[in-house]
Amino acid sequence: MSGFDPGAFEQRAQDLWRCAFEPDPSEQEKYYLTVAYPYPSGAMHVGHGRTYIVPDVIARFWRMRGRQVLYPMAFHVTGAPVIGISKRIARHDEKTIRLYRDLYRVPPAVLEKFTDPLTIVKHFSDEYQRVMTACGLSIDWRRRFTTVDPTYSKFIEWQWKHLYEAGHVIKGEHPVRYCTFDENPVGDHDLLEGDKAEVIKFTLVMFRSGDAVIPTATLRPETIYGVTNLWVNPGVTYIRALVDGKPWVISQEAAEKLLLQDHTVTIEKEIPGTSLIDTTATHPLCGEIPILPAAFVDPDMASGIVMSVPAHAPFDYIALRDLQQQGRYTRIRPVPLIRVEGYGEVPAQDAVERAGITDQLDPRMDALTQEMYSSEFAKGKLFEKYGGKPVRIAREDVAALMSEQYGSTVMYEFDTRPVVCRCGNRVKVKILHDQWFLRYSDPAWKAQVSDQLKDMSLVPPEVRIEFDRTVDWLRDWACTRRVGLGTRFPWDTTQLIEPLSDSTIYMAYYTIAHRIREMAPDTLTPEVFDYIFLGKESDSLPQKEKLDAMRNEFLYWYPYNFRFSAKDLISNHLTFQIFHHVAIFEKQHLPQGMVVFGMGLLNGAKMSSSKGNVFLLEDAVKEFGADTVRMFLMGSAEPWQDFDWRNELVASVKKQIERFYNAIHEMKDAGGEPKDIDLWLMSRLLEHIEKTTASLENFQTRQALQEAFFSIENDLKWYRRRLPEGSDGSRMLRSLCSAWVRLLAPFIPFTCEKLWQDIGGQGLVSFADWPVVDQKHKNRRIELAEELLLRTVEDLESIKKLIQITPRSITISLAPAWKYEIFKTIARAPDRTLAIRTIMKDDLMRRRGKEATDAAKQCTALIHRLPPHIVELIASDGVNERAVFEQATPFLKKEFGVPVHITDAESSPHAKAATALPFKPSIVIE
RNA sequence: GCGGGGGUAGCUAAGCCUGGCCAAAGGCGCCGGACUUAAGAUCCGGUCUCGCAGGAGUCCGUGGGUUCAAAUCCCACCCCCCGCACCA
């Protein structure tokens, strides 16, 4: 009888929905939501699924609430990753080929063409649209675009003109990770190794040796006062080179690095490390010192020569001690200069000896060094003779002094090495010039953003702190790139606008995307966009009618109501877009709200394409059906929580939908006369509608689903149990069916579209009215009565289970009126702990003595166990217990299969009857 | 390191702001029963421990505290996850 065929439902609904979700400005109130558009460089997995299904559920909900809803989609193809991918495919990189051929299942003929980056994004954009459609996303595809469309570029140019004129764009220089083989800066995912490496700014301390300079890099220039020697690796061949015209002695590697960091370098000759050893060098702040041999000196670290501060650097201390144990350089003594709590006179010696380290290669050395450096920085003070300042201040002062008076410059180097590019080449630090920045550091701009944030609604509210912090912490952002796809930077057309900077106000572009396509890109002057988005009139605007239509769209839809995105974008995109909006748009068009998503896990592990730990969305839809995928993703966690995809859980969701489908079919033709239990069911339904509605208004898809699906299902279970034998329910079930199908329509639209037809609904359920709460169906009296019965049945069952005799009859004895009086007095008492005294002041009660005090105690306990709203109802309206149980006698008899007697506790011969309390009758099973 | 989030029964996950409804919802899993030739599906019941009367005991990362009353409030500690920029 089932007829449950999700595949068929999907096909049918897809036909009905074609072009159904293409809203135009109208008289209706609008609801505009947008999600971060995808970067289509690979196939969609179930994690992406949730990102786009959550907004769809919200869109469908508001559509049914009578709003004109816009849910648009486009594709972000700007940037460098696909360039890398196409290159790797071109050179037949095995790993990449495997990913695209096997995991993403790109047909061989298509894969061949992936040597062109645009082909990749085109292919996956189409795939995205196909899979999104298969998932039932109610997207207005007329507005689809990509970020390299010429019209979009015109839009971006307009945006940047405004940013530039407002002084938000400046030019500067910037150190970056750079591959000399690719001749390009490299990002995290271009790296084979060292993706955690940070660029650190070192001070080069210039020692003089003959006519040449020996630079040594340090993060602790203040320790110059404690330098006792330099270290040179005797196994390394150094060079003498003219750096900016002056002779320096450095390692070969250092020469290459300096070349990338704004220095001219001309190599003069090689110098074996050994020939430097035992010569001397001088620095005005430490005098003349010897150069000693040390194998730990890495020529690939900064200048390749190291200054030695044995009193404060464990490595230096040990290296010196080793030499001295061989009887060499025994006259050199560590020169301490910093006093720090927790360490002795010579901190490095102290630390090394305390840890019992005998060997430079001891693995604890790094941790020991780190700990000492931190303590010195945090708590250390220089000796009085060196100025007596705290280390953190002295460090800056000495660095400044050195660069002003002693020829020090800056050298950039990574904090961890090696850093290796995907091409196999070692990555170095390069200083980029002509680098353009967005001045996010500008306090005035920040203030505007903070103000706007205050007016925005953020979901969940906890993320507000993170936004505030991001605004506070944001520095200037390098906004141009040399490689990739994108819009040319107007003030230097050799560069491109960087991807996170060309995707900040495109939500406005959606409003006109389908109309602007009709215009020739070269007619799209800044004045055109000024008119559309800012309402600025100007002479000679082309095709004014079209522009008016676009202006109209923009005014209707903007600002957007909510923007959705994953939480990892808080620290960039989501915050950037506020910056750009406040810089360009008028106050009434600024963003209204944001919803931040959690991440997706697959079987408990983080989803990651590169590790192969993904489940493709299309496969999931094929295997389980779109509604199942949707319902699982919406029901397993709230949007902002992380969710975990597990196939076995998903499979059970499918059964749940089938159960729902069957239940509707069983109920839709019921025609019996309504009874009290029907009134109960309808009264409860109201509450579920209310809660589902409130949950969806708050984006709580999980909560909404619990209410709309499981709560109603559980009510129906009880309802069916309460029906007289042979009855399959009353005609009221039909309105329950109608409401239920509509409540679930945002979640499982395919199945609901089919059911809507089956139950004779008008039009599409996607556009049906959301169920409304009609308070006249609220029936507290019946709900309370049913609650009493339900609780009593539970008691009966637990007793029955416990006593393990075959019952022959059941007697239910009802509490006497005076116990009700006690109950009410306590329930209404402002302080329930004191209520007993009030009760015992009453003569009648006092005459009952212990019986009354016991009852009072039991009532107090009971009141604390009952839900407050029930207590309130009992105390105010009360409930006619006798009527409830007499009416339910046939039901109880059917349930337990024995005669059921209802008596008053006071007239019952059973001792147990005395335990009867209000809302908790005594029970005797014999 | 800095910043944010979180630790609840076999798993998952509500509850915490606004203390008593909490032995703690829902879902999954598992166990028992009904149906079936059987399996599956479906339906019913159970699922911390003890108890032949609806109860009692222990429990919500750990240890303290406040309160008539704490998963919930306060303090300290332990552990896990995420973000930190030239990258979409």
Side-chain angles (χ1 to χ4, degrees), chain A residues 2 36-39 41 76-82 174-177 185-190 195 198 370 374 432 435 437 440 460-463 465-467 469-470 472-481 484 498-501 503 566-573 598-599 601 604 606 632 635-638 640-644 646 648-653 655-656 658-659 662 702-703 705-707 709-711 713-714 717 720-721 791-792 794-805 831-833 860-861 863-871 912 915 920-925:
Chain A
S2 167
Y37 47 20
Y39 184 77
S41 65
H76 194 205
V77 305
T78 320
V82 283
H174 189 59
V176 295
R177 293 188 294 226
V186 287
D188 274 353
H189 51 251
D190 299 322
D195 58 333
E198 275 186 68
Q370 197 49 53
S374 308
L432 287 185
Q435 177 62 58
F437 292 90
Y440 292 139
E462 299 87 66
V463 298
I465 305 167
E466 225 172 321
F467 274 104
R469 186 201 124 263
T470 300
D472 190 47
W473 154 95
L474 225 56
R475 305 195 300 267
D476 292 345
W477 179 265
C479 61
T480 56
R481 295 289 178 275
E498 171 277 335
L500 282 172
S501 303
S503 55
K567 67 176 166 201
D568 51 345
L569 295 190
I570 292 177
S571 61
N572 47 55
H573 167 75
M599 319 292 260
L601 303 175
K606 195 177 169 180
F632 173 79
S636 65
E638 298 296 3
W640 42 90
Q641 295 172 321
D642 296 350
F643 77 94
D644 192 4
R646 301 212 168 150
E648 69 272 17
L649 297 186
V650 181
S652 70
V653 169
K655 289 187 221 156
Q656 289 161 352
E658 181 168 8
R659 217 155 66 207
N662 290 337
R702 180 189 145 86
Q703 180 70 42
L705 210 41
Q706 296 260 343
E707 277 301 323
F709 187 83
F710 298 106
S711 296
E713 198 184 40
N714 280 332
K717 267 189 199 173
R720 290 207 189 94
R721 200 169 156 187
R791 282 169 180 269
T792 308
E794 279 172 4
D795 282 353
L796 277 163
E797 278 170 343
S798 69
I799 295 169
K800 191 181 152 199
K801 202 180 70 195
L802 215 55
I803 55 174
Q804 293 178 346
I805 58 166
D831 184 344
R832 285 167 186 167
T833 52
T860 309
I863 284 167
H864 280 152
R865 283 169 172 251
L866 291 169
H869 73 271
I870 290 196
V871 171
K912 283 232 171 299
T915 62
K920 197 164 181 64
S922 87
I923 293 166
V924 175
I925 300 180

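Per chain, numbering begins at 1; letters A, B, ... match sequence-line order. What you see below is based on every heavy atom in this structure, not just the backbone, and it leaves out hydrogens, waters and symmetry mates.
Taking the P atoms as reference points, B:C80 lies 33 Å from B:G27, given to the whole Å. Using atom C1' as the reference point in both B:C60 and B:G6, the two lie 14 Å apart (nearest Å). Using atom C1' as the reference point in both B:G51 and B:G57, the two lie 11 Å apart (nearest Å). For the C1' atoms, the distance from B:C86 to B:C11 is 42 Å, rounded to whole Å. Across B:G10 and B:U18, the matching C1' atoms stand 33 Å from one another, rounded to whole Å. Taking atom P in both B:C50 and B:U67, the straight-line distance is 36 Å, to the nearest Å. When the C1' atom is compared between B:U47 and B:A24, the two are found 15 Å apart, to the nearest whole Å.
Closest to the side chain of A:Arg475, out of B:A85, B:G83, B:A14, is B:A85. Listed nucleotides: B:C28, B:G26, B:G54. Nearest to the side chain of A:Asn714: B:G26. Side-chain atoms of A:Ser922 lie closest to B:G54 of the nucleotides B:G54, B:C86, B:C28. Relative to the side chain of A:Met599, the nucleotides B:A85, B:G20, B:C82 differ in distance, and B:C82 lies closest. Of the candidates B:A85, B:C86, B:C21, the closest approach to any side-chain atom of A:Arg177 belongs to B:C86. Comparing B:A88, B:A25, B:A56 by their nearest atom to the side chain of A:Leu500 picks out B:A88. Closest to the side chain of A:Ala80, out of B:A88, B:G83, B:G5, is B:A88. In the set B:A85, B:A53, B:A88, the nucleotide with an atom closest to the side chain of A:Ile799 is B:A53. Picking from B:G54, B:G26, B:C86 the nucleotide with the shortest atom distance to the side chain of A:Ala478 gives B:C86.
Counting any heavy atom pair closer than 4.0 Å across all strands shown, A:Lys800 reaches no nucleic acid atom. Base contact: A:Val924 has a heavy atom under 4.0 Å from a base atom. The residue A:Pro921 sits close to a base: some heavy atom pair falls under 4.0 Å. A:His76 comes within contact range of the sugar-phosphate backbone alone, with a heavy-atom separation under 4.0 Å but no base atom that close. The residue A:Asp568 sits close only to the backbone: its heavy atoms come under 4.0 Å of sugar-phosphate atoms, none of a base. Within the 4.0 angstrom heavy-atom criterion, base atoms lie near A:Thr915. Within the 4.0 angstrom heavy-atom criterion, base atoms lie near A:Leu569. Contacts of A:Ile870 with the nucleic acid, taken as non-hydrogen atoms under 4.0 Å apart, are absent. Note on A:Gln656: only backbone sugar-phosphate atoms sit closer than 4.0 angstrom, heavy atoms only; bases stay farther off. Among the protein residues, A:Pro868 comes within range of the nucleic acid bases, having at least one heavy atom under 4.0 Å from a base atom. Residue A:Ile570 is classed as having no contact, given no heavy-atom separation below 4.0 Å to the nucleic acid. Here A:Arg865 lies in heavy-atom contact (under 4.0 Å) with sugar-phosphate atoms only. Looking at heavy-atom distances under 4.0 Å, A:Ile465 makes contact with sugar-phosphate atoms alone, never a base.
OP1 or OP2 of B:G5 has not a single side-chain nitrogen or oxygen of A:Gln641 nearer than 4.0 Å. For the pair A:Arg646 and B:U12, the criterion of a side-chain N or O lying under 4.0 Å from OP1 or OP2 is not met. OP1 or OP2 of B:C43 lies within a sub-4.0 Å distance of a side-chain N or O belonging to A:Arg659. Distances shown here put a side-chain N or O of A:Arg721 below 4.0 Å from the OP1 or OP2 atom of B:G45.
Judged purely by atom type and a 3.5 angstrom limit, A:Thr78 has no side-chain atom pairing as donor or acceptor with the backbone of A:Glu498. With hydrogens and angles ignored, the 3.5 Å screen pairs no side-chain donor or acceptor of A:Asp642 with any backbone N or O of A:Gly598. A:Glu638 places a side-chain N or O within 3.5 Å of a backbone atom of A:Arg702 that can act as its donor or acceptor partner.
A 3.5 Å limit on both hydrogen-bonding distances identifies B:G1 as the Watson-Crick or G-U partner of B:C84. Applying the Watson-Crick and G-U wobble criteria (two distances, each under 3.5 Å), B:A38 pairs with nothing in any strand. B:G45 is paired with B:C31 under the Watson-Crick or G-U wobble criterion, all donor-acceptor distances under 3.5 Å. Base pairing of B:C52: no nucleotide in any strand meets the Watson-Crick or G-U wobble criterion (both distances under 3.5 Å). The partner of B:C16 cannot be assigned: no Watson-Crick or G-U wobble pair with both contacts below 3.5 Å exists in any strand. The partner of B:U66, taking Watson-Crick or G-U wobble pairs whose two distances both stay under 3.5 Å, does not exist in any strand shown.
Interface remark: the A:Arg481 side chain does form a donor-acceptor pair with the B:C86 base, using a distance-only criterion of under 3.5 Å.
Closest approach of A:Leu866 and A:Arg791 over heavy atoms only: CD2-NH1, 3.4 Å.
If you find the closest nucleotide of RNA chain B to A:His174 and to A:Gln706, the one lying nearer the 5' end belongs to A:Gln706.
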